[in-house]
Amino acid sequence: MKSKSLLILLFSIKILSAQTVEPVTFSLNTKDKGAEIKPTMYGLFFEDINFAADGGLYAEMVKNRSFDFPQNLMGWKSFGNVKVQSEDAPFPNNPNYIVFGSAGHKDKNTGIENEGFRGMGFKKGANYRFSVWAKKMDTDDSQNIRIELINSNNSRIGSVDLLIDSDEWKKYEVILQAGQTDPKGLMRIFFTSGGYLCLDHISLFPENTWKGRENGLRSDLAQALYDINPGVFRFPGGCIIEGTDLETRYDWKKSVGPVENRPLNENRWNYTFRHRLFPDYYQTYGLGFYEYFLLAEDMGAEPLPVVSVGLSCQYQNKGEHCHVAIEDLGSYVQDALDLIEFANGPVSSRWGKVRAEMGHSEPFNLKYIGIGNEQWGNEYPERLEVFVNAFREKYPEIKIIGSAGPTVDDNRFKHLWPEMKRLGTELVDEHYYKDPNWFLNNAARYDICDREGPAVFAGEYACHVPGRANNFYSALCEAAFMTGLERNADIVHMCTYAPLFAHVDGWQWRPDMIWFDNLSFVKTPNYYVQQMYAQNPGTHVLKLTRDNEIIAGKDGLYASAVYDANNKSYILKIANTGDQEVSINVELSGLSKRAKLTLGECKEFYNRNLEIENRIEEPFNIVPVATFPILKGNALNVKLKRQTFGLYRIDL
Ligand code: AHR
């Protein structure tokens with residue numbers, strides 16, 4: 001009995017000593033404002049991977065709406081008399097359409113149904129805009145179709161009839177209301193008259209899109225992006241810029257103009273992982289460059305398009321024959337130059353006119369362009385040089401972003417950095433998909449790096465924990481690492497987590513910042529860390545030290561501080577990655593005598609379970625919560641629980 005009590009006592013002492021640690025003091029020099037933090041510092045990287053565009057952010061609910069997938073009826077089931085045809089098509093870039101004919105008996109039916117993107121999500125009471133291009137054939141009579149929304153029990157939950165009255169191709173539109181909520185419904189169309197009827201570009205959008213736009217975005221997902229407050233928006237990827245081969249690279253010119261005539265492209269992520277094959281993954285380009293620019297504008301973020309440098313994905317293609325020969329780069333360079341005209345040119349210019357016809361006569365004020373994604377070897381700089389020379393001559397004001405290859409610190413990276421300096425790109429795009437130790441051990445990588453030459457764009461990064469989960473620990477390591485990005489904002493001008501989106505039923509790659517199904521979505525812990533930074537970017541770096549040293553890992557602590565000239569406040573970001581609570585006194589020096597500090601909004605992001613994740617069914621397992629540290633005179637006392645990321649605002 002006695003020895004049991006002793007054991008309990010020893011155990012309690014051990015727990016107590018594990019929970020307490022000597023208080024530490026941080027010094028915050030408020031007087032000497034450091035580097036300016038670029039408004040682009042915290043942003044978003046968008047790529048059409050994991051069904052992020054078609055089937056995701058792009059609100060179109062019909063898969064293969066123009067029957068131009070190589071298997072023409074992929075995504076559709078037909079019944080009765082349905083044929084695919086291409087003569088006299090209304091949209092030459094999408095040449096196929098279907099023809100309904102009578103099923104030949106009064107009790108038989110002709111029609112088709114579309115499965116959507118792993119189902120269609122319907123919300124009870126919500127309106128859906130059905131549209132179709134159609135013409136009747138060989139008859140003076142009007143023709144009819146009935147459109148039905150079907151739930152996952154195969155019952156009708158919405159229906160409307162549509163009359164087709166012209167024998168010329170014409171667009172018809174009608175609104176349907178869903179009588180039930182169902183994440184995995186489908187749409188069925190019956191031919192309800194005789195004769196023949198041609199149909200193309202069959203489309204269904206929720207009426208409630210982001211900003212109510214017709215060719216719009218899912219409002220919940222776009223809102224989640226907006227709520228981050230991104231400073232820069234990189235699009236359209238990623239590897240899809242390069243394509244599986246040159247033919248399937250992202251070609252921005254195909255992604256603008258009337259949506260019906262934007263040609264289909266095979267998504268580079270269609271075949272990439274054999275163990276997660278999605279052979280129905282095509283890009284309609286419905287979410288194209290115009291829509292990307294608009295979204296950037298809506299979010300108040302600098303647009304950052306990335307274009308092909310004439311190299312197809314180097315992972316998938318070896319040898320010169322897969323790439324564009326240097327002497328043949330002309331059209332690729334012209335495409336990149338024309339993009340500047342599309343974004344910024346006057347309406348009298350060829351591409352400025354296209355933009356204006358799409359609804360935006362004002363320029364988008366594009367300032368940056370990325371050329372090439374994860375490229376390497378000599379193949380890259382020798383091609384990039386051709387682009388750089390052309391841009392310096394025609395658009396010297398545009399900032400060019402070059403690539404440092406697929407990962408940091410390897411031979412490809414070491415080869416490319418001097419090359420980017422030689423070419424004089426303004427920024428270099430670095431990617432790191434690394435484990436937690438790498439993130440923690442690299443928090444000071446930019447404190448000790450060469451400050452001559454291009455700035456850094458941390459263009460793709462994510463902490464990969466075992467199982468590649470979007471768990472709290474991965475987000476905590478990212479938060480700790482990002483203190484180093486912030487502290488070095490003189491050379492790090494942008495950073496974007498990647499990838500951004502994943503459909504729960506159609507993903508190739510994880511972790512991802514936002515997961516969604518056809519009706520809802522979830523913000524991962526990684527989302528919240530990005531948001532905490534992007535909503536509190538500050539304007540100038542401040543010197544924050546512990547014993548005159550930067551705070552980048554000692555005792556598991558990582559920290560940075562900024563001044564926010566817009567709101568007149570100091571913002572501290574502190575990550576405690578250790579397993580003990582720490583009492584931190586932050587002493588502010590250099591304040592004027594008249595300064596009167598008050599506590600601003602402070603938040604902590606914490607959970608005892610480092611492996612916790614948010615899921616669609618449990619979206620709020622972990623969210624940042626308000627906290628109220630003690631501010632006394634010119635000192636802030638923070639009791640930072642073990643494994644916590646804290647954000648503290650002190651207002652002047
Ligand atoms: O973010 C997913 C992929 O990772 C990107 O397409 C590519 O640039 C990188 O390899």
Side-chain angles (χ1 to χ4, degrees), residues 43-54 56-57 225 230 232-246 248-251 265-273 275-276 278 281 283 287 292 304-309 311-318 369-377 379-380 384 401-410 412-413 416 427-435 438-439 456-465 468-470 474 478 494-503 506-515 524 526-527 530:
L44 293 173
F45 158 91
F46 183 92
E47 173 161 26
D48 189 2
I49 182 174
N50 305 317
F51 288 86
D54 289 281
L57 183 61
L225 300 186
V232 67
F233 180 55
R234 172 184 157 186
F235 56 88
C239 291
I240 68 160
I241 290 152
E242 307 153 32
T244 306
D245 43 33
L246 285 168
T248 51
R249 74 184 190 282
Y250 196 103
D251 183 343
N265 193 32
E266 185 181 77
N267 191 300
R268 184 253 187 239
W269 297 103
N270 195 348
Y271 296 116
T272 306
F273 299 119
H275 61 288
R276 289 195 70 79
F278 293 105
Y281 199 177
Q283 295 168 272
L287 171 50
Y292 285 125
L304 168 49
V306 186
V307 295
S308 162
V309 71
L311 293 170
S312 53
C313 176
Q314 285 170 277
Y315 281 115
Q316 293 176 302
N317 300 280
K318 301 206 179 356
I369 189 166
I371 301 174
N373 178 43
E374 289 182 340
Q375 324 293 176
W376 62 77
E379 296 93 314
Y380 178 48
L384 181 61
I401 300 176
S403 164
T407 192
V408 287
D409 302 336
D410 67 355
R412 296 172 289 195
F413 180 89
L416 284 177
L427 288 110
V428 176
D429 179 12
E430 298 189 348
H431 294 181
Y432 17 86
Y433 296 106
K434 299 281 194 181
D435 64 28
W438 185 92
F439 274 85
V456 172
F457 169 31
E460 291 184 33
Y461 64 91
C463 175
H464 285 186
V465 293
R468 288 196 177 202
N470 278 102
S474 67
E478 287 153 10
M494 302 175 177
C495 62
T496 53
Y497 179 97
L500 182 52
F501 280 122
H503 192 300
W507 58 271
Q508 291 91 2
W509 180 293
R510 60 188 301 188
D512 306 287
M513 203 188 346
I514 298 172
W515 288 80
T524 61
N526 315 79
Y527 173 99
Q530 295 299 318

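If you're wondering where the values come from, they're calculated on a predicted model, not measured in any experiment. Indexing begins at 1, ligand by ligand and atom by atom, following the structure's order. Atom set for the values below is all heavy atoms of this structure, side chains included, hydrogens, waters and symmetry mates excluded.
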Could you tell me whether Gly238 and ligand 1 have an N or O pair separated by under 3.5 Å? no

When you look for heavy atoms under 4.0 Å from ligand 1, do you find them on the side chain of Asn373, its backbone, both, or neither? side chain

Donor-acceptor pair, Arg276 side chain versus Trp507 backbone, under 3.5 Å? yes

What protein heavy atom sits nearest atom 10 (O) of ligand 1, and how far away is it? Glu374 OE1, 2.7 Å

Can you tell me how far CG of Asn267 sits from CZ of Phe278, rounded to the nearest 0.5 angstrom? 11.5 Å

Go through the steps to decide whether Arg510 and Asp512 satisfy the test salt bridge (charged side-chain N to carboxylate O under 4.0 Å, His left out), and finish with yes or no. CA-CA 5 Å; Arg510 60 188 301 188; Asp512 306 287; over 6 Å; no

Identity and separation of the nearest protein heavy atom to atom 6 (O) of ligand 1: Glu47 OE1, 2.5 Å

Of all protein heavy atoms, the one nearest atom 1 (O) of ligand 1 is Tyr433 OH, 2.7 Å

Non-neighbouring partners of Val306 that pass side-chain contact (heavy atoms from CB on, under 4.5 Å), sequence neighbours left out: Arg234, Ile241

Among Tyr432, Tyr433, Tyr461, whose ring-ring contact (aromatic ring centres under 6.0 Å, His included) with Trp438 holds? Tyr432

Can you tell me how far OH of Tyr527 sits from CG of Leu500, rounded to the nearest 0.5 angstrom? 9.5 Å

If you scan protein heavy atoms around atom 8 (O) of ligand 1, the nearest is Glu460 OE2, 2.7 Å

Check Trp269 against ligand 1 and report side chain, backbone, both or neither, counting heavy atoms closer than 4.0 Å. side chain

Which ligand 1 atoms, with their elements, are less than 4.0 angstrom from a heavy-atom of Pro499? 1 (O), 2 (C)

